[in-house]
*Asks:* 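Input: one structure, supplied below.
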Amino acid sequence: MATELLFPRSARDRATPVQPDLAFLARPLFLRLAETLRQVERMLIACRAMRNRATRHRRAWGVPNLFFADAVAQAEWSVKQAEPAAFPEPFVSLLAPAWPDLHDAWERLPDLLDDGFALLSESIDVRRMARAVPGLRAAAESVPEAGELAAILALPEEEVWLVIHPAARAGFRVTLEGVADVAQLHVLLADRITGDPARGYLAGARPHAASLGASRDSSPSRGVVATARFQFYRPEALRPTGALPQGLAGSADWYWGREALNSVPQVHGERILLIGEPVLPMAWEVARRCTRIAARVRVLDVLTMGEVETWIRARCPQYRPALLPVSRAA
């Protein structure tokens with residue numbers, strides 16, 4: 001009431017402009033994108049059928065490509081051969097007169113994808129809305145040209161992750177944003193859970209600034225190399241004694257660099273990740289899978305040593321914690 005007396009309505013509206021709800025405004029575009037992808041899927045199915053009919057004789061007889069014993073003649077022949085058009089051409093053009101609507105969807109798809117990527121990169125709210133669009137993710141997974149869109153929609157964002165280092169008796173609850181695979185998580189997680197052991201963090205060196213920036217939000221320049229601070233294990237790797245397997249014996253339960261994070265299982269609403277000291281030196285060139293989305297890891301909670309011991313004891317009947325946790329003792 002006091003505000004209304006001090007400021008006329010028009011003045012208050014100018015002073016505090018209402019921010020538009022980007023996710024709400026973007027929804028019609030993603031609905032249209034879902035329908036376009038379904039039409040493109042129908043077009044691709046027809047193109048594959050036409051290609052199979054066109055090549056059935058060659059596939060039936062197994063006729064090899066022409067080969068000369070003379071290397072010079074072979075090279076000349078190879079140069080003269082016209083490069084075949086990349087699939088789905090020339091079949092898209094051949095089908096255009098019969099199915100103009102599907103052909104139009106194929107032509108419109110690149111621009112719609114570009115617009116969608118621009119909006120998805122703006123905020124997690126837009127990505128949350130896009131994941132709720134009926135059939136969008138399934139349609140994106142069925143069209144190779146929408147592979148990056150499918151990867152973005154599959155990101156396990158806004159989920160709680162429980163990260164346990166059994167040997168150090170350290171644990172963290174974290175959330176992820178824009179993190180696509182295990183290799184990227186290696187760098188971003190190591191940066192966030194490294195710190196003062198007296199406060200529950202893990203001692204050690206943080207990732208190099210170049211690998212951290214390339215994994216997070218900057219365009220990775222060629223040659224940026226990341227190294228693994230930890231070994232990532234599946235929950236079933238935990239032995240009855242509460243320890244992780246030693247050496248290569250536990251390799252069947254390792255997570256590998258390009259593995260999607262959706263493979264990490266959920267238990268009671270949390271994704272469980274076990275970490276230990278690296279068994280072998282691991283290094284890789286940074287290559288983000290979802291380059292349009294800025295990535296980060298945020299620590300929600302640092303577990304106490306007692307909380308970690310209780311968690312392990314509930315799963316490992318033979319658990320007998322050492323007097324000092326291995327990593328923190330160093």
*Asks:* Do any N or O atoms from the side chain of R192 and from the backbone of V299 form a donor-acceptor pair under 3.5 angstrom?
*Replies:*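 Side chain of R192 to backbone of V299: no pair is present.
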
*Asks:* Run the side chain to side chain contact (heavy atoms under 4.5 Å, CB included) check on L155 and R131 step by step: do they pass?
*Replies:* CA-CA 10 Å; L155 293 177; R131 293 183 183 110; 3.6 Å; yes

*Asks:* Test your reading of the model: is there a side-chain donor-acceptor pair from R271 to the backbone of V264, 3.5 Å cut-off?
*Replies:*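 Confirmed, R271 side chain pairs with V264 backbone.
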
*Asks:* Under 4.5 Å between any side-chain heavy atoms of Q39 and D104, yes or no?
*Replies:*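 No, every pair of side-chain atoms sits at 4.5 Å or beyond.
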
*Asks:* Taking the side chain as C-beta and beyond, is there a heavy-atom pair between L94 and M50 under 4.5 Å?
*Replies:*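 Yes, side chains in contact.
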
*Asks:* For the residue pair V92 and W106, what are the closest heavy atoms and their distance?
*Replies:*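 Taking every non-hydrogen atom into account, CG1-CD1, 3.8 Å.
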
*Asks:* Given 3.5 Å as the limit, does a donor-acceptor pair link the side chain of E285 with the main chain of G223, or not?
*Replies:*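 The answer is yes, because a donor-acceptor pair under 3.5 Å joins these two groups.
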
*Asks:* Got a second to check how far M282's CE is from W284's CH2, nearest 0.5 Å?
*Replies:*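 Answer rounded to 0.5 Å: 6.0 Å.
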
*Asks:* I'd like to know if E270 pairs up with R173 as an ion pair, taking the criterion as any Lys NZ or Arg NE/NH1/NH2 lying under 4.0 Å from an Asp or Glu carboxylate oxygen.
*Replies:*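 Looking at R173 together with E270, the answer is yes, because their closest N to O distance falls below 4.0 Å.
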
*Asks:* To the nearest 0.5 Å, what is the distance between CZ (R48) and CZ (F87)?
*Replies:*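 One gets 5.0 Å once the value is rounded to the nearest 0.5 Å.
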
*Asks:* Assess whether side chain to side chain contact (heavy atoms under 4.5 Å, CB included) is satisfied between M129 and V126, documenting all intermediate values.
*Replies:* CA-CA 5 Å; M129 176 279 302; V126 175; 4.2 Å; yes

*Asks:* Are E35 and R38 close enough for a salt bridge, meaning some N to O gap below 4.0 Å?
*Replies:*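 Looking at E35 and R38, the cut-off is met.
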
*Asks:* Distance-only, no hydrogens or angles: does the E157 side chain make a donor-acceptor pair with backbone N or O of G178 under 3.5 Å?
*Replies:*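 The answer is yes, because a donor-acceptor pair under 3.5 Å joins these two groups.
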
*Asks:* Would you indicate whether the side-chain heavy atoms of Y233 and I275 approach each other to under 4.5 Å?
*Replies:*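 Contact flag for I275/Y233 side chains = no.
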
*Asks:* I need the D196 CG to L202 CG distance, nearest 0.5 Å.
*Replies:*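 Output value for this atom pair is 11.0 Å.
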
*Asks:* How close do L22 and E122 get, heavy atom to heavy atom, and via which atoms?
*Replies:*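 Taking L22 first and E122 second, the nearest heavy atoms are CD2-CB, 3.6 Å.
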
*Asks:* Grab the two heavy atoms, one from I293 and one from S121, that are nearest each other, plus how far apart they are.
*Replies:*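 Shortest heavy-atom contact: CD1-CA, 3.7 Å.
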
*Asks:* Tell me yes or no: between the side chains of R229 and T194, is some donor less than 3.5 Å from an acceptor?
*Replies:*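 Looking only at side-chain atoms, T194 and R229 do form a donor-acceptor pair, the distance falling under 3.5 Å.
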
*Asks:* Kindly say whether A260 contributes a backbone atom to a donor-acceptor pair with the side chain of S263 at under 3.5 angstrom?
*Replies:*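 Between the backbone of A260 and the side chain of S263 there is a qualifying donor-acceptor contact (under 3.5 Å).
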
*Asks:* Between the side chains of R108 and T36, does any donor sit under 3.5 Å from an acceptor?
*Replies:*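 A pair is found: one side chain offers a donor N or O, the other an acceptor, under 3.5 Å apart.
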
*Asks:* In terms of hydrophobic clusters joined by side-chain contacts under 4.5 Å, are I124 and V174 together?
*Replies:*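 No, I124 does not connect to V174 through the hydrophobic network.
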
*Asks:* Checking E41 side chain against L37 main chain: does a donor-acceptor pair fall under 3.5 Å?
*Replies:*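 No, E41 side chain to L37 backbone: no donor-acceptor pair under 3.5 Å.
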
*Asks:* Counting neighbours of CZ on R239 that are heavy atoms of other residues, nucleotides or ligands and sit closer than 6.0 Å, is the number greater than 12?
*Replies:*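 Enclosed.
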
*Asks:* Using every non-hydrogen atom in the two residues, find where C316 and P240 come nearest and quote the distance to one decimal.
*Replies:*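 Shortest heavy-atom contact: CB-O, 3.1 Å.
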
*Asks:* Atom CD of E159 and atom CG of L176: how far apart are they, to the nearest 0.5 Å?
*Replies:*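 Nearest 0.5 Å value for the CD-CG distance: 8.0 Å.
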
*Asks:* Do D253 side-chain atoms and P235 backbone N/O form a donor-acceptor pair below 3.5 Å?
*Replies:*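 No, because the side chain of D253 does not come within donor-acceptor range (under 3.5 Å) of the backbone of P235.
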
*Asks:* Could you tell me if the side chain of L238 sits less than 4.5 Å from the side chain of P166, heavy atoms only?
*Replies:*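 Yes, at least one pair of side-chain atoms sits under 4.5 Å.
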
*Asks:* Does R216 use its side chain to pair, donor to acceptor, with the backbone of A295 at less than 3.5 Å?
*Replies:*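 No.
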
*Asks:* Take L109 and L33 through the side chain to side chain contact (heavy atoms under 4.5 Å, CB included) test and state the conclusion after the steps.
*Replies:* CA-CA 8 Å; L109 181 61; L33 181 55; 3.9 Å; yes

*Asks:* Determine whether L273 and L185 satisfy the following criterion, side chain to side chain contact (heavy atoms under 4.5 Å, CB included), listing intermediate values before the conclusion.
*Replies:* CA-CA 11 Å; L273 177 66; L185 182 60; 4.0 Å; yes

*Asks:* Would a 4.5 Å heavy-atom cut-off, applied to side chains only, mark W161 and V179 as touching?
*Replies:*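 Side-chain contact under 4.5 Å: no.
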
*Asks:* A side-chain contact here means heavy atoms from C-beta on lying under 4.5 Å apart; do L120 and R292 qualify?
*Replies:*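 Sidechains of R292 and L120: no contact.
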
*Asks:* How many angstroms lie between OG in S93 and NE2 in H103, if you round to the nearest 0.5 Å?
*Replies:*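 Going from OG on S93 over to NE2 on H103, the span is 5.0 Å.
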
*Asks:* Should the pair Y201 and F172 be assigned to parallel (<30°), tilted (30 to 60°) or perpendicular (>60°) ring geometry?
*Replies:*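 Geometry flag for F172 against Y201: tilted rings.
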
*Asks:* When you look at E259 and R234, which way does the salt bridge (charged side-chain N to carboxylate O under 4.0 Å, His left out) test go after all the steps?
*Replies:* CA-CA 12 Å; E259 197 168 349; R234 304 175 196 278; 2.9 Å; yes

*Asks:* Would you check if C47 and L95 make a side-chain contact, meaning some heavy-atom pair closer than 4.5 Å?
*Replies:*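 Result yes, sub-4.5 Å side-chain heavy-atom pair found.
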
*Asks:* Find the distance between CG (L29) and CG (L119) and round it off to the nearest 0.5 Å.
*Replies:*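 Interatomic distance, L29 CG to L119 CG, rounded to 0.5 Å: 6.0 Å.
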
*Asks:* Using a 3.5 Å distance criterion without hydrogens, assess whether the side chain of R169 forms a donor-acceptor pair with backbone atoms of H165.
*Replies:*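 No: the side chain of R169 does not pair with the backbone of H165.
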
*Asks:* Does the Lys NZ or Arg CZ of R258 fall within the cation-pi geometry relative to W256 - under 6.0 Å from the ring centre and within 45° of the axis?
*Replies:*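 Judged by the rule, R258 and W256 form no cation-pi pair.
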
*Asks:* Please say yes or no: joined through hydrophobic side-chain contacts below 4.5 Å, possibly via intermediate residues, are V267 and L300 part of one cluster?
*Replies:*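 Not linked; separate clusters.
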
*Asks:* Measure the shortest side-chain to side-chain distance between T241 and Y319 over non-hydrogen atoms and say whether it is less than 4.5 angstrom.
*Replies:*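 SC-SC contact between T241 and Y319 ruled out.
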
*Asks:* Would you mind checking if E177 and R298 are paired as a salt bridge, meaning a charged N to carboxylate O distance below 4.0 Å?
*Replies:*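 No, R298 and E177 are not salt-bridged.
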
*Asks:* Can you check whether H186 and F232 have ring centres sitting under 6.0 Å from each other?
*Replies:*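 Centroid separation for H186 and F232: below 6.0 Å.
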
*Asks:* Kindly check if the number of other-residue, nucleotide or ligand heavy atoms within 6.0 Å of CZ (R289) is above 12?
*Replies:*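 More than 12 within 6.0 Å, yes.
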
*Asks:* Which pair of heavy atoms, one from R288 and one from A214, lies closest together, and at what distance?
*Replies:*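 Closest pair (atom of R288, atom of A214, distance): CD-O, 2.7 Å.
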
*Asks:* Provide the closest heavy-atom pair for E145 versus L44 in the form atom of the first, atom of the second, distance.
*Replies:*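 Closest pair (atom of E145, atom of L44, distance): OE1-CD1, 4.1 Å.
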
